[in-house]
Amino acid sequence: MHPAPSVILFTTLSGLGFGLLFFLGLGYPGSTGWVAFVFFALAYLLAVGGLMASTFHLGHPERALKAFTQWRSSWLSREAWCAVGALVVMGLVGLGRVFFDTHWMALGMIGAVLSVATVLTTSMIYTQLKTVPRWNTPITPMLFLSYSAAGGALLAGQIDWARILLCIVAALQLAWWIAGERALERSGTSLATATGLGPIGTPRAFEPPHTGSNYLTREMVFVVARSHAKLLRLVAVLFAFAIPLVILTMTFNHTLAGVAVISHIAGVLISRWLFFAEAEHVVGLYYGQR
Amino acid sequence: MAHRQPKLDLSPHVSDEVRKTTCYMCACRCGINVHLKDGPDGKKQVAYIEGNRDHPVNKGVLCAKGSAGIMQVNAPSRLRAPLKRVGPRGSGEFEEISWDEALDLAVSWLEPLRKTNPEKLAFFTGRDQSQSFTSFWAQNFGTPNYAAHGGFCSVNMAAAGIYTMGGAFWEFGQPDWDYTKLFMLFGVAEDHDSNPIKMGIGRIKARGARVIGVNPIRTGYNAVADDWVGITPGTDGLFILSLIHALMKAGRIDLDYLARFTNAPCLVNADTKSSEYGLLLRDEKGKSLVIDRETGKLTPFDQKGVRPDLSATYRHAGLTHRPVFHLMAEKYLDPQYAPEAVAERCGIPAARIRAIAAELARVAFDEAFELDRAWTDFRGETHKTMTGRPVSFHAMRGISAHANGFQTCRALHVLQIILGTVEVPGGFRFKPPYPKPAEAHPKPHCHATPDGPLDGPHLGFVHGPDDLALRDDGSAARIDKAFTWENPMSAHGLMHMVISNAYAGDPYKIDTLFMYMANMSWNSSMNTRGVIDMLTDRDDKGDYVIPHIIYSDAYSSEMVGYADLILPDTTYLERHDCISLLDRPICEADAAADAIRWPVIEPDRDVRGFQTVLIQLANKMKLPGFTDADGHAKYTDYADYIVNHQRKPGIGPLAGWRKPPEGSGVGGTSSDDNVGGRGSPNPEQLDKYVENGGFWTSHIPDAAQYYKPWNAAYQDWAVKLGLYDSPQPYLFNLYVEPLRRFQLAAEGHGQRQPPDHLRDRIKAYFDPLPIWYDTEGDNKGEEFPITALTQRPMAMYHSWGTQNAWLRQLHGHNPLYLPTNLMRENDLEDGDWVRVTSPHGEITVPVMHMAALNANTVWTWNAIGKRKGAWALETDAPEATRGFLLNHLIHELLPPKGDGLRWANSDPITGQAAWFDLKVRLEKAHAPAEAQPAFPPIASPVGTGPKSLTWKIGS
Amino acid sequence: MTLLPEKTDRKLGLVIDLDTCVGCHACVISCKGWNTENYGAPLSDQDPYGADPTGTFLNRVHSYEVQPEEGAAQLIHFPKSCLHCEDAPCVTVCPTGASYKRAEDGIVLVNEADCIGCGLCAWACPYGAREMDSAEKVMKKCTLCVDRIYNENLPEEDREPACVRTCPAGARHFGDFADPSSNVSKLTAERGGMDLMPEQGTKPVNKYLPPRPKDTLEMKVSGAPPLLTPIAEEPKGFLGWLDRTLGQIDGNKTGGR
Ligand SMILES: Nc1nc2c(c(=O)[nH]1)N[C@H]1C(S)=C(S)[C@@H](COP(=O)(O)OP(=O)(O)OC[C@H]3O[C@@H](n4cnc5c(=O)[nH]c(N)nc54)[C@H](O)[C@@H]3O)O[C@H]1N2
Ligand SMILES: Nc1nc2c(c(=O)[nH]1)N[C@H]1C(S)=C(S)[C@@H](COP(=O)(O)OP(=O)(O)OC[C@H]3O[C@@H](n4cnc5c(=O)[nH]c(N)nc54)[C@H](O)[C@@H]3O)O[C@H]1N2
Ligand code: SF4
Ligand code: SF4
Ligand code: SF4
Ligand code: SF4
Ligand code: SF4
Ligand SMILES: [Mo]
């Protein structure tokens, strides 16, 4: 899949934002007043910024409201509801914390759940796609949720949680990559089933339908060299997990914490880039990929 | 939860008006419905084009090019006004001038030539669909130098067919799609009969009939063929002769058909010492003679009741005469044609050849059937039924565009004929005006007189040395050297030799080269670079070696840049045109038909239909034929000519809706008072065509549908319609006597003698019975072991599809396709580049792997590569940076043989350009920045196209 | 709504005959032509005369080579447009309801006025049947020519998809798969019409007829009685045969021996 910057930014930033909101909803940290304001502002910046970025991906952002209508069937629609729900509820929670110095626990819990749900629905947009076998696995939502939680913990300054979650997400990330290697084969979809020509022999894509590019080849048929991908994975692991974990084992210091967060975000961005770039859409088979 | 969905308008408005005319994106000439809507300026604009269901050619279907006609009519590459060259030739720098200026300039060049040396004008037309008109113009101008593009296209096919059986594949005939059960296709990627072939293949496949495709490349028709024969290029003749061998040897041939309808029983002088050795025995009226089986006597072939004997010889006055069939038996039963003997050379296993022969015989004879239709033959014998032999063949340039193509095409016709499958149900059928024996065609004419018309039509069929177009000193009368000893039977002229001969001043110098619709500085010439140099080269005095070049195109093609004066044409929806029975009509096997184009939209530029421009030029010069006795112009424009011109009394460009002649004619779809065929001009004729959807048809009566060359009912119908002046029954020529006449001359007989250096090859190649010879040696096959071919993409027409925004997305560049073995040997992957070298030149191009390909063959799509600056494309268009032409590797002359002569890269009989004899070798190359050779851009006289298209006329 | 209708009254769709398609692209261009002028926004083209010409098409013709275990490789031309799936994932993913499946005939359409151009439906389609139009920025797909097949402004015989009407080889057939007596149902039954990517669970309505077995002539002929036994090894013998045969024949019974 084409690693569109808007979608990479969206999933990364909103994941972090809702992760942070999740912790804030649970009351970690339980700060109030200006400190709470800073935490909430950061969370909203990330979550809303991410959502805004996602609208760059839309052909008609001015019609975005229509996206709320199909919650019965569409994960994207559900995401819209959850995101708005989470933002509204957590907004109230934030109000309470910043201005009223109180933590409305029940509301916070609801906000936390909605934040998780938002990340879950986001991940389900990808997970549901049978057409992208690498995404079409229960590990995908786990991965998104754990990334979100780990990032949230980091941002929320929940060092212990962060340590644990970073380890979990690293493990999930590795598992996801390993599972992804053979996902297309395991899906059972191949050029033979795509064309129905398997019974005759081994099919091979000959001439593409057009010598030029088209929406599908630009959007869905993206190829990264394997060596390139390996290197990027290594870098992603280094930035997203290794560096933050090392920092977190050191004595706490705000600058270092900042470095850990930035390193983590950079790592997540790379991992998200790979999430898209390495994902093979089955339509690529028609165009001779694989 | 209930399902909700928007309410749709299921019956939206389709168009304001539908105008029916004829497509022009190729020579198939399908009927189209042009849907028009009012544009923003209130003018009618083309909204959508679809096929015309009532049309005899396409019956509603339309190919990609036809549907994309809308993008052709709106192409930014359209020329907008007459252009006069201001920069050096080839720069593409022009200024727009008025039509008055343009016509005056042309006349100032042409008029003096006409008055003194008409031959100094060479007028050649390319993809011309009005040849009967353009040749008429040239004839009345007085120059012998006229031809269309047939000489480099498929004259082998046309000539072999007409000499052998009075009609060819090409567009002159078609399989009997209704009844055929086995269809065998040789060397066709697309052909002129594009839609009918596809429709036909679809139909026969739908009923489970079999298709065999003989082609080194398995795409298109050959991909859907049930059996693919991936033959080694250039060896079809050998393969076919082997099929003939196997069939004859097994006696699986149609003896009755051979005896009745062919010259197999005709007697041939067998006395090697006679000056008539090899000629047919004829009576004093010139009729060839046979032995009648009933009487045992020598009898003219067409005598009533005669039963020609295939076997009896005749001895008289010490001279033995043997029937053609004896000669055939001797020749083709020879073991050199046994499947085992040819298998390796052809790349087809012997068992496969035998299986094909057996299957042909099985279907022709064991699946024969009778149609319950009585008919009477030319000998007066009535047959109660028509016997169907449901095997049919079709072939085109794959066998034609080789230097052994004429004889290969002949061989295929002989195969058809011994199976008895021509003009019978289930076999191959002619389309009117064919069948028409070679003798019924004109002979070539070449005698120019200053200030007078030529002595007759330029092109035609020669029957011996006497008919050659030679001057008194024996030199060529025509600039292209057609009808000379180098290529005596060059029935369509040799367009590919015009520029090089004119440049060399051989046989003489010309003053003005006038061309129409031929992209001769690019994809339609061999040795493209060389041709460009010839067009731009100057003599010692600094003048161009070819002093004047006038060119008519509708678009900004490569050729535009090389002309001094451009006469911009309309597009096909903006003009009158006439697809005439005098020319290459749209007939189908069961009906005569012709068609028109008419201006369904108005041009929005200062352009004129080229035919009208020719009339305007003719009127300015007062050409005979265009001027009446009082010196007045006969025709104001082409529409006027179409309606009022008469070739002979009663016969005009269009056969439909003529006024009743004195007697009466046959009707087509005409109403009572207007008849088809013969008749006087009818001022309402064009309106009638428009009313009828742009075409006219006349159905051939049922009893005349088959056996047309011998069928009295057909002959009478054809005479009534005006196709012939009198019945012309004839025999198929398994043995082509005119070839033998050239051989006799080469052997030293007769007055007109060939130059000595040509004697041997005439003796060898002008065999009156089909032979096969290898052309690899001439093309240095040992050093260059791979054959390089082109194929036409179905969705592109030569160079001119490229300006089409939709079509160029399909074929924007062309890789060279390599078979698996060559990919491996050269360590190549898709997208790698190779240097391709021929004896003549070198190109560097990207490759792609193709498994379903003959192991000695590489190929690419034809005419995708473009010159930078042409066609209103940006200079970085893929057509110009990755696209390429094989033409850079092909030369009009063969590589030197060391005999001091340069032989033409063409068929020695017809002069057909041997495009597909190209031999190359390959090596892997570093990817260059662009496909090589890269040419500098030429200036575009029309700029480039817009950055995006959202084309919609309606709201 | 983006939920799929529980059932559709009819199942309109195409049968595409891979045995007959010659790969001419006629269907591609007539589709482009019709749909540029008709349903919704025109199918736009970007850089149409430049270095990277690209545009929206609702139907494209691929080609594939197949190497059987024995014998020559085969080439198959492969047209592909929306298959109007019964379980259309493109519909259920759509957040706006712009994508829907018609209850009356099963045609899957995009309501362009509602489309936000998120592209998700194109991601969900395994067949590459949806393309976002770069100029209009809405999702485009085959409409099964819904504006032709019921259009009372068209003559009855023209109420079929543009691509079907134009296909010169007759490789495309249009009809109702819900009706077992329709041409498309019959063709599917007779010729073993197949689904593309059945494992994706989309239940495509359009069916593809597989190519018939190729290159079987030798097998076919070798199974039959010997057909080409020589009548003589020498030309002389052949002429002897000729004399004998000519003595016997009258009428049309030649060649058959
Ligand atoms: N779409 C489209 N249609 C066209 C044209 C076009 O440009 N585009 N051009 C028109 C014109 S001018 C012409 S002349 C006709 C030509 O129509 P075709 O005769 O179909 O012309 P080509 O595309 O040159 O195809 C030649 C075929 O012969 C095969 N071939 C080459 N050498 C051999 C050989 O030695 N033996 C055998 N058996 N096969 C061989 C090639 O592989 C190729 O398939 O098409 C006309 N129709
Ligand atoms: N390598 C290789 N080369 C080949 C062949 C091959 O098989 N292989 N095939 C050869 C054959 S068979 C042929 S026929 C030639 C074809 O070659 P050409 O006859 O040169 O065909 P086109 O390239 O289509 O060029 C025709 C010109 O007509 C112009 N034109 C189009 N419409 C109109 C119009 O309405 N009015 C006017 N006045 N002009 C118009 C076009 O713009 C174009 O410049 O190519 C030959 N060249
Ligand atoms: S085959 Fe195509 S391009 Fe040729 S006349 Fe017919 S529709 Fe036009
Ligand atoms: S083919 Fe694709 S776009 Fe069409 S219905 Fe099926 S999933 Fe949807
Ligand atoms: S692109 Fe349009 S039709 Fe497709 S899912 Fe998004 S809103 Fe629905
Ligand atoms: S049915 Fe209509 S929209 Fe669909 S591919 Fe055919 S022409 Fe295009
Ligand atoms: S129009 Fe018919 S034959 Fe041509 S590509 Fe389309 S389906 Fe195939
Ligand atoms: Mo041609």
Side-chain angles (χ1 to χ4, degrees), chain B residues 3-6 10-12 14 47-48 61-64 67-68 195 198-199 202 205 218-221 223-224 227-228 246 249-256 311 329-330 333 351-352 355 358-359 362 365 387 794-795 805-806 808-810 851-852 872-874 876 944-945 948-952, chain C residues 1 3 5 20 22-26 29-30 32-34 36-37 42 44-46 48-51 53 55 65 67 72-75 100 102-103 111 135 147 150-154 166 168-170 214-215 217-218 221 227-231 235 238-239 241-243 246 249 252 254-257:
Chain B
H3 168 89
R4 263 199 312 133
Q5 60 187 44
L10 294 176
S11 292
V14 175
Y48 178 64
V61 308
L62 210 61
C63 81
S67 297
N195 278 334
K198 293 183 191 81
M199 290 153 72
K205 290 206 127 229
R218 193 176 206 175
T219 51
Y221 307 152
V224 301
D227 286 273
W228 174 56
K249 197 155 179 186
R252 297 281 275 173
I253 51 184
D254 192 339
L255 294 178
D256 188 58
S311 193
E330 245 157 46
L333 292 172
R352 194 118 217 261
E359 180 69 359
R362 188 188 66 74
F365 302 119
T387 303
M794 290 181 184
W806 294 348
R808 71 181 287 259
Q809 296 183 49
L810 307 182
L873 298 184
E874 282 159 36
D876 55 359
T944 53
S948 76
L949 281 179
T950 45
W951 193 267
K952 190 165 197 152
Chain C
M1 285 255 165
L3 289 175
T20 309
V22 296
C24 68
H25 294 266
I29 301 293
S30 72
K32 175 97 173 167
W34 175 260
T36 290
E37 187 57 30
S44 69
D45 301 289
Q46 284 65 42
Y49 304 101
E65 278 191 331
Q67 182 62 59
Q74 299 172 18
L75 194 140
Y100 65 100
R102 282 161 53 88
N111 176 1
D147 49 357
Y150 303 108
N151 194 329
E152 280 161 19
N153 296 318
L154 287 172
T166 212
K214 296 259 174 351
D215 301 321
L217 191 63
E218 280 131 288
V221 170
L227 287 156
L228 287 182
T229 348
I231 45 176
F238 175 83
L239 296 177
W241 165 82
L242 185 60
D243 281 335
L246 290 173
I249 62 156
N252 296 326
T254 51
R257 283 198 287 143

Quick check against the 3.5 Å criterion: does [X] have a side-chain atom that pairs as donor or acceptor with the backbone of [Y]?
X        : Y        : result
B:Gln5   : C:Ala103 : yes
B:Thr950 : C:Ser44  : no
B:Arg252 : C:Leu228 : no
C:Asn153 : B:Ser11  : yes
C:Glu37  : B:Tyr48  : no

Report the option among [options] that has the most heavy-atom pairs separated by less than 4.5 Å from atoms of chain B.
options                               : value
C:Gly50, C:Gly23, C:Gly33             : C:Gly50
C:Gln67, C:Glu65, C:Gln46             : C:Glu65
C:Asp243, C:Leu75, C:Leu154, C:Asn151 : C:Asn151

What are the two closest non-hydrogen atoms of [X] and [Y], and how far apart are they?
X        : Y        : value
C:Lys214 : B:Val224 : CE-O, 3.8 Å
B:Trp228 : C:Asp215 : N-OD1, 2.9 Å
C:Asp147 : B:Pro12  : CB-CG, 3.6 Å
B:Gly202 : C:Thr20  : CA-CG2, 3.8 Å
C:Asn111 : B:Pro6   : ND2-CG, 3.7 Å
B:Lys198 : C:Cys24  : CE-CB, 3.7 Å

**Message:** Between C:Thr36 and B:Leu949, is there a side-chain heavy-atom distance shorter than 4.5 Å?
**Reply:** no

Side chain to side chain contact (heavy atoms under 4.5 Å, CB included) evaluation trace for B:Met794 with C:His25: CA-CA 8 Å; B:Met794 290 181 184; C:His25 294 266; over 6 Å; no

The interface call for C:Ala135 against chain B, heavy-atom contacts under 4.5 Å, is side chain

Scored by heavy-atom pairs under 4.5 Å with chain C, the best of B:Lys205, B:Gln809, B:Glu359, B:Glu874 is B:Gln809

Of the listed B:Ala795, B:Ala872, B:Ala47, the one with the largest count of heavy-atom pairs under 4.5 Å with chain C is B:Ala47

d(B:Ser311 OG, C:Leu242 CG) to nearest 0.5 Å is 4.5 Å

The reported gap from OG1 in C:Thr166 to CG in B:Leu62 (rounded to nearest 0.5 angstrom) is 4.5 Å

Okay, B:Leu810 and chain C: the region with an atom under 4.5 Å from a heavy atom over there is side chain

Honestly, the part of B:Ala68 sitting under 4.5 Å from a heavy atom of chain C is both

| query | Run the side chain to side chain contact (heavy atoms under 4.5 Å, CB included) check on C:Tyr49 and B:Thr944 step by step: do they pass? | reply | CA-CA 7 Å; C:Tyr49 304 101; B:Thr944 53; 5.8 Å; no

### Message
Closer than 4.0 angstrom, basic N to acidic O: yes or no for C:Asp45 and B:Arg808?
### Response
no

